[in-house]
Amino acid sequence: MVRLEWEAVLSFVLLIASYLCLYAAIQKRTNFARYSMTVLLIASGAPLAVMLILESRREALDANIGLGMAFMLTWLITAVVFVAALITWIVKARNRVRR
């Protein structure tokens with residue numbers, strides 16, 4: 001169970017880091033951007049959090065496919081947000097060079 005806890009913590013840390021990178025990459029940091037990033041972060045981490053709670057209450061020792069799918073969904077969302085932040089940084093850097 002210790003491995004599962006470390007994987008969950010690392011997944012949540014990477015998810016938070018990806019949203020922080022995306023927030024840092026956007027140009028207009030308004031209240032709407034901050035609140036929408038917070039809502040998206042909570043919505044992205046909710047499936048994994050729910051599955052981890054359900055897994056902790058389970059007594060069975062067999063594999064939980066739903067938990068694996070929740071991890072994969074969280075990692076996919078993290079990768080997509082990181083790529084979006086990277087693309088935003090590149091576009092912003094190119095615009096600075098052209099000026």
- Task: Quick one: closest heavy-atom pair of F82 and C21, and the distance?
- Result: CE2-SG, 3.9 Å
- Message: Tell me every residue that passes side-chain contact (heavy atoms from CB on, under 4.5 Å) with V91, counting only those two or more places apart in sequence or in another chain.
- Response: I87, N95
- Message: So which atom in A70 and which in P47 form the shortest heavy-atom distance, rounded to 0.1 Å?
- Response: CB-O, 4.0 Å
- Message: Filter on side-chain hydrogen bond (donor to acceptor under 3.5 Å, both in side chains), then keep only pairs touching residues 69-92, sequence neighbours left out; what's left?
- Response: S11-W75
- Item | By salt bridge (charged side-chain N to carboxylate O under 4.0 Å, His left out) - contacts of R58 (at least two apart) | E55, D62
- Other than F32, what residues sit in its cluster of Ile, Leu, Val, Met, Phe, Trp and Tyr side chains whose heavy atoms are under 4.5 Å apart, directly or through others? none
- Task: Hydrophobic side-chain clustering at under 4.5 Å (ILVMFWY, transitive links): who's grouped with V39? Put none if nobody.
- Result: none
- Note on the structure: Residues pairing under salt bridge (charged side-chain N to carboxylate O under 4.0 Å, His left out) where one sits in residues 7-25, two or more places apart or in two chains, turn out to be R3-E7
- Note on the structure: Value for OG (S18) from CG (L86), rounded to nearest 0.5 Å, stands at 12.5 Å
- Using the rule that two of Ile, Leu, Val, Met, Phe, Trp, Tyr join whenever any of their side-chain heavy atoms come within less than 4.5 Å, decide whether L52 and V50 are in one cluster. yes
- Item | From CG (L48) to CG (L67), nearest 0.5 Å | 7.0 Å
- Query: Should side-chain heavy atoms under 4.5 Å link Ile, Leu, Val, Met, Phe, Trp and Tyr, which residues sit in the same cluster as I42?
  - Reply: none
- Distance from M69 atom CE to N64 atom CG, nearest 0.5 Å? 11.5 Å
- Item | V81: hydrophobic cluster co-members (side-chain, 4.5 Å) | L15, I16, Y19, L20, L22, Y23, I26, M37, L40, L41, L73, I77
- Item | Which residues share a side-chain hydrogen bond (donor to acceptor under 3.5 Å, both in side chains) with R29, sequence neighbours left out | none
